[in-house]
Participant: 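Have a look at this one before I ask anything.
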Amino acid sequence: QVELVESGGGLVQAGGSLRLSCVISGRTFSPLSMAWFRQSSGKEREFVASSTWIDGITSYADSVKGRFTISRDSAKNTVYLQMSSLKPEDTALYYCAAARVQIGSKLRYDYWGQGTQVTISS
C-alpha cells in the first residue's frame with residue numbers, strides 16, 4: 001500500500017513563504033511524476049506544479065510561475081513545494097499526488113495525500 005503524507009502548511013502573511021513536503025511511504029514505489037494540486041473553498045481542484053520523478057522536468061500553473069518551485073529527493077522519497085511571495089488567493093488545501101500511468105500524453109494521478117492547509121492573510 002502506498003501512502004502520501006503532506007506537511008508544512010500553515011498561516012502566513014501575504015508576501016511570506018512556506019515549504020510543503022510530501023513523503024511517499026509503503027511498498028517500493030517509482031512514480032512517473034509527482035504533482036501538487038490545490039483546492040480553495042467553493043472552487044474546483046486545480047493543478048499547481050509537477051515534476052517527473054527520474055529527470056526532474058517541471059511544469060507550473062501560470063498563476064504560480066516564478067513564485068513556486070517544485071523539487072524532489074528520490075533518496076528520501078519526498079517531493080517539495082517551495083512557495084514564495086504568497087498571496088491571499090493562494091489560500092487552499094494543497095494536495096500531493098503521484099502518477100504511475102500515462103495514457104497518451106496525459107498522466108493519471110491515482111495516488112493522493114490528505115492535504116495540508118495553506119492560509120495567507122492580507
Side-chain angles (χ1 to χ4, degrees):
Q1 177 147 351
V2 175
E3 186 177 21
L4 277 61
V5 179
E6 304 97 333
S7 62
L11 171 64
V12 298
Q13 287 190 326
S17 300
L18 278 175
R19 188 176 82 155
L20 306 183
S21 300
C22 172
V23 178
I24 310 164
S25 62
R27 59 178 171 85
T28 302
F29 186 72
S30 297
L32 292 175
S33 175
M34 297 293 298
W36 290 94
F37 292 79
R38 67 186 182 187
Q39 186 168 20
S40 51
S41 181
K43 294 187 178 181
E44 292 189 355
R45 187 172 58 198
E46 63 174 354
F47 168 82
V48 175
S50 66
S51 173
T52 58
W53 191 248
I54 293 177
D55 48 17
I57 297 173
T58 58
S59 179
Y60 296 92
D62 288 343
S63 59
V64 306
K65 276 181 185 174
R67 300 188 299 121
F68 290 11
T69 302
I70 187 171
S71 61
R72 84 269 184 260
D73 185 335
S74 55
K76 295 182 178 179
N77 267 6
T78 302
V79 63
Y80 305 97
L81 186 68
Q82 178 67 48
M83 306 185 294
S84 303
S85 302
L86 285 161
K87 306 174 182 180
E89 51 264 43
D90 294 319
T91 295
L93 187 60
Y94 282 71
Y95 296 93
C96 171
R100 295 192 68 194
V101 175
Q102 183 168 337
I103 301 174
S105 61
K106 294 204 72 173
L107 288 160
R108 193 175 76 191
Y109 289 95
D110 287 333
Y111 301 89
W112 294 83
Q114 302 267 25
T116 185
Q117 179 66 38
V118 171
T119 303
I120 312 302
S121 62
S122 56

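Small disclaimer: the values here were computed from a predicted structure and weren't measured. The residues of the chain are indexed from 1 along the displayed sequence.
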Participant: With side-chain contact (heavy atoms from CB on, under 4.5 Å) as the test, pick out the partner of Val64 among Leu81, Val48, Leu86.
Facilitator: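 Passing option: Val48.
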Participant: Under 3.5 Å, is there a donor-acceptor pair between the side chain of Glu6 and the main chain of Cys22?
Facilitator: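 It does not hold such a pair.
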Participant: On a heavy-atom basis, which atom in Gly56 and which in Ser51 lie closest, and how many Å separate them?
Facilitator: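 In this case the closest contact between Gly56 and Ser51 is CA-OG, 3.6 Å.
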Participant: Less than 4.5 Å apart, side chain to side chain, heavy atoms only: is that true for Val101 and Leu107?
Facilitator: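 SC-SC contact between Val101 and Leu107 ruled out.
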Participant: Quick one: do Thr52 and Leu32 satisfy side-chain contact (heavy atoms from CB on, under 4.5 Å)? Show the steps, please.
Facilitator: CA-CA 6 Å; Thr52 58; Leu32 292 175; over 6 Å; no
Participant: Within the structure provided, determine whether Val118 and Leu20 are in side-chain contact (heavy-atom separation under 4.5 Å).
Facilitator: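 Yes, at least one pair of side-chain atoms sits under 4.5 Å.
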Participant: Any salt bridge linking Lys87 with Asp90? Criterion: basic side-chain nitrogen under 4.0 Å from a carboxylate oxygen.
Facilitator: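 Salt bridge absent between Lys87 and Asp90.
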Participant: On the six-membered ring of Trp112, is Arg45 placed so that its NZ or CZ lies under 6.0 angstrom from the centre and within 45° of the ring axis?
Facilitator: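 Checked: cation-pi criterion met.
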Participant: For the rings on Phe37 and Tyr109, is their centre-to-centre separation under 6.0 Å?
Facilitator: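 Between Phe37 and Tyr109, the centre distance is under 6.0 Å.
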Participant: Are the side chain of Thr91 and the backbone of Glu89 linked by a donor-acceptor contact shorter than 3.5 Å?
Facilitator: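 Answer holds: no.
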Participant: When you look at Thr69 and Tyr60, which way does the side-chain contact (heavy atoms from CB on, under 4.5 Å) test go after all the steps?
Facilitator: CA-CA 8 Å; Thr69 302; Tyr60 296 92; 3.8 Å; yes
Participant: Between Ser122 and Ala14, what is the shortest heavy-atom contact and its length?
Facilitator: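 Looks like CA-CB, 4.4 Å.
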Participant: Which residue is it: Val23, Leu4, Asp73, Ile70? I am looking for the one with a side-chain contact (heavy atoms from CB on, under 4.5 Å) to Val79.
Facilitator: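 The side-chain contact (heavy atoms from CB on, under 4.5 Å) with Val79 is passed solely by Ile70 among Val23, Leu4, Asp73, Ile70.
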Participant: Quick check: closest heavy atoms across Met34 and Ala98, and the distance to 0.1 Å?
Facilitator: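 In this case the closest contact between Met34 and Ala98 is SD-CB, 3.3 Å.
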Participant: Atom OG in Ser21, atom CD in Gln82: separation rounded to 0.5 Å?
Facilitator: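 Separation between the atoms: 9.5 Å.
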Participant: To the nearest 0.5 Å, what is the distance between CD (Glu3) and OH (Tyr111)?
Facilitator: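 The OH atom of Tyr111 is 13.0 Å from CD of Glu3, to the nearest 0.5 Å.
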Participant: Could you tell me whether the side chain of Asn77 reaches within less than 4.5 Å of the side chain of Trp53, counting heavy atoms only?
Facilitator: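 Sidechains of Asn77 and Trp53: in contact.
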Participant: Find out whether Ser50 and Trp36 are in side-chain contact, i.e. whether some heavy atom of one side chain is under 4.5 Å from a heavy atom of the other.
Facilitator: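 Ser50 does not reach Trp36 side chain to side chain.
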Participant: Hey, does Thr116 have a side-chain heavy atom less than 4.5 Å from the side chain of Ser7?
Facilitator: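 A side-chain contact is absent here, since even the closest heavy-atom pair is not under 4.5 Å.
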Participant: Quick check: are there more than 12 heavy atoms from other residues, nucleotides or ligands sitting under 6.0 Å from CD1 of Ile54?
Facilitator: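 For Ile54, atom CD1 is not crowded (no more than 12 foreign heavy atoms under 6.0 Å).
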Participant: How long is the span from the CE atom in Met83 to the OH atom in Tyr94, to the nearest 0.5 Å?
Facilitator: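 OH of Tyr94 is found 5.5 Å from CE of Met83.
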Participant: Can you tell if the side chain of Arg67 reaches within under 4.5 Å of the side chain of Ser85, non-hydrogen atoms only?
Facilitator: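 Arg67 reaches Ser85 side chain to side chain.
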Participant: Indicate the atoms forming the closest heavy-atom contact of Thr78 with Lys76, along with that distance.
Facilitator: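 Heavy atoms only, the tightest pair is OG1-O, 2.8 Å.
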Participant: Inspect the surroundings of CD in Gln102 and state if more than 12 heavy atoms from other residues, nucleotides or ligands are less than 6.0 Å away.
Facilitator: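 Yes, enclosed.
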Participant: In Å and rounded to the nearest 0.5 Å, what is the CZ to CG distance from Arg38 to Leu93?
Facilitator: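 One finds 12.0 Å between CZ of Arg38 and CG of Leu93.
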